[in-house]
Amino acid sequence: MATSVQRASQLTMANLKGKVDPDWCPGCGDFGVLAALQKALVELQIPPHDVVTISGIGCSSNLPGYINTYGMHTLHGRALAVATGLKLANHGLTVIVTGGDGDGFGIGGNHFVHSMRRNVDLLYVVMDNQIYGLTTGQTSPTSRVGMKTKSMPFGNIEAPVNPISLALAAGATFVARGFSGEQKHLTELIKQGIEHKGFSFLDVFSPCVTYNHDNTYQWFRPRVKKLEDDKAYEATDWVAAMEKSLVWGDEIPIGKFFERTDLPSLHAAEPVLSDGALVRAPNRVPAEAAQGFIQELM
Ligand SMILES: Cc1ncc(C[n+]2csc(CCOP(=O)(O)OP(=O)(O)O)c2C)c(N)n1
Ligand code: SF4
Ligand SMILES: [Mg+2]
């Protein structure tokens with residue numbers, strides 16, 4: 001039985017509450033993602049000072065302000081680049097990147113592909129609402145063909161990105177899909193993604209109740225089917241995962257599509273980091289030279 005001292009040091013949901021409350025629209029799917037992320041950190045008992053939450057720009061990208069961890073709200077589409085630098089500087093930290101479909105698959109598409117190819121050890125959670133929410137309802141890279149938005153009032157004419165197929169093709173070593181309306185399931189996927197050593201990609205259906213009237217909770221609920229309920233499905237089979245990633249319609253799979261654990265993450269493959277985290281390494285630049293650099297940048 002835990003003593004009162006042990007209990008006091010236990011991480012709780014209250015410890016992870018941010019200094020400001022979310023200003024998301026009532027009913028926004030992002031509330032469910034934030035709650036699942038906090039729950040996952042509590043269940044894994046990872047202290048807030050060991051976690052950094054990094055985002056780009058968008059409604060979803062406001063998340064780091066609403067959780068009590070270290071955090072950075074960076075530029076539109078640039079969160080993964082910042083997160084890669086951070087992980088290489090201090091690989092002891094748990095790095096979680098959050099953002100939207102526009103942020104991650106549009107303007108940030110290049111970083112998305114290359115971070116997966118490099119197997120950077122972080123969890124990337126995309127709150128995929130198939131629309132640009134923050135900028136009040138334009139077509140995004142995951143909007144369905146025919147969807148009418150402010151930027152395409154006669155209907156979207158562009159084929160959407162399939163984030164799961166793209167992640168598999170780019171070499172992500174953990175690929176999953178969740179739904180904000182399936183809290184327990186989502187929490188489990190986040191936990192697995194955090195614990196995976198390498199790039200974990202988690203695409204989450206997170207309905208925008210204000211601007212996307214096509215892909216609503218009511219639309220998703222009868223369609224989402226958990227991969228875990230299919231006992232024959234093996235998440236170690238890349239070809240099977242690729243086939244599953246193409247399933248979309250009356251049935252939409254959620255859950256873990258794929259995981260492999262045989263590849264080193266970027267920091268583990270980097271010989272310079274084999275002696276420990278860069279931030280703890282002795283400074284190899286002579287003091288005078290360092291002063292020179294600092295002066296130049298001032
Ligand atoms: C370089 C740059 N281009 C465009 C914008 C405008 N902008 C801000 S958020 C956003 C899209 C947001 O959509 P998404 O990433 O899907 O996030 P959501 O708001 O839906 O959560 C855009 C185009 C910007 N802030 N910076
Ligand atoms: S506009 Fe959409 S994505 Fe943004 S907070 Fe409102 S419901 Fe959420
Ligand atoms: Mg969006």
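Order of appearance sets the numbers: ligands from 1, and atoms from 1 within every ligand. Only this structure's heavy atoms are used, side chains among them; waters, hydrogens and symmetry mates stay out.
Taking atom 7 (S) of ligand 2 as the reference point, the nearest protein heavy-atom neighbour is V209 N, 3.5 Å. Ranking protein heavy atoms by distance to atom 6 (C) of ligand 1, first place goes to T135 CG2, 3.9 Å. Residue, atom and distance of the protein heavy atom nearest to atom 14 (P) of ligand 1 are G102 N, 3.6 Å. Distance from atom 25 (N) of ligand 1 to its nearest protein heavy atom, with residue and atom name: I57 CG2, 3.8 Å. Looking only at heavy atoms of the protein, atom 21 (O) of ligand 1 is closest to S60 OG, 2.7 Å. If you check which protein heavy atom lies closest to atom 5 (C) of ligand 1, you get H76 CD2, 3.6 Å. In terms of protein heavy-atom proximity, atom 15 (O) of ligand 1 is closest to D103 N, 2.7 Å. Residue, atom and distance of the protein heavy atom nearest to atom 4 (Fe) of ligand 2 are C59 SG, 2.4 Å.
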Exercise for the section: Output, in order, the C-alpha distance, side-chain angles, deciding distance and verdict of side chain to side chain donor-acceptor pair (under 3.5 Å) for D128 and T142. Expected result: CA-CA 8 Å; D128 190 349; T142 51; 2.9 Å; yes
Handout entry: Criterion side chain to side chain donor-acceptor pair (under 3.5 Å) on K150 and T136, from CA distance to verdict
Key = CA-CA 8 Å; K150 276 191 186 158; T136 71; 3.0 Å; yes
Practice task
Decide side-chain contact (heavy atoms from CB on, under 4.5 Å) for I131 and Q138; before the verdict, give the C-alpha distance in whole Å, the side-chain angles of both, and the deciding distance to 0.1 Å.
Solution key: CA-CA 6 Å; I131 196 106; Q138 296 80 17; over 6 Å; no
Exercise for the section: Show your reasoning for whether side chain to side chain donor-acceptor pair (under 3.5 Å) applies to S245 and S165. Expected result: CA-CA 6 Å; S245 74; S165 317; 2.9 Å; yes
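Ring pair H76/Y132 is perpendicular by interplanar angle, where above 60° counts as perpendicular and below 30° as parallel. Relative orientation of the Y124 and F201 rings is tilted, given thresholds of 30° and 60° on the angle between their planes. Ring-plane geometry between W24 and F31 is classed as perpendicular, the angle between the planes exceeding 60 degrees on a 0 to 90 degree scale with a lower cut at 30.
Side-chain contact annotation: T139 with S151, donor-acceptor N/O pair under 3.5 Å present. In summary, the side chains of D30 and S60 do not present any donor paired with an acceptor at a separation below 3.5 Å, with no hydrogens or angles considered. Counting only N and O atoms by type, the side chains of S206 and N129 include no donor and acceptor under 3.5 Å apart.
Using 4.0 Å as the threshold, I107 has a heavy atom nearer than that to some atom of ligand 1.
The shortest N/O to N/O separation between L134 and ligand 1 falls below 3.5 Å. Between M127 and ligand 1, no pair of N/O atoms sits closer than 3.5 Å.
Taking 2.8 Å as the threshold, N129 counts as a candidate ligand of the Mg ion (ligand 3), since one of its N, O or S atoms lies below it. Metal site remark for the Mg ion (ligand 3): D103 contributes no N, O or S atom at a distance under 2.8 Å. With a cut-off of 2.8 Å, atom 2 (Fe) of ligand 2 has an N, O or S atom of C208 in range. Between the Mg ion (ligand 3) and G58 there is no N/O/S contact shorter than 2.8 Å.
Of the heavy atoms in C25, both backbone and side-chain atoms come closer than 4.0 Å to ligand 2. When heavy-atom distances to ligand 2 are checked against a 4.0 Å cut-off, L134 has no atom that comes that close, whether in backbone or side chain.
W219 does not carry R221 over the face of its six-membered ring by the limits of under 6.0 Å from the centre and within 45° of the normal.
Considering just the N/O/S atoms of D101, the one nearest the Mg ion (ligand 3) carries the name OD1.
Of the candidates S206, G137, G133, S61, the one placing a heavy atom closest to atom 20 (O) of ligand 1 is G133.
For an aromatic pair to be called close, the ring centres must be under 6.0 Å apart, and F205 with W248 satisfies this.
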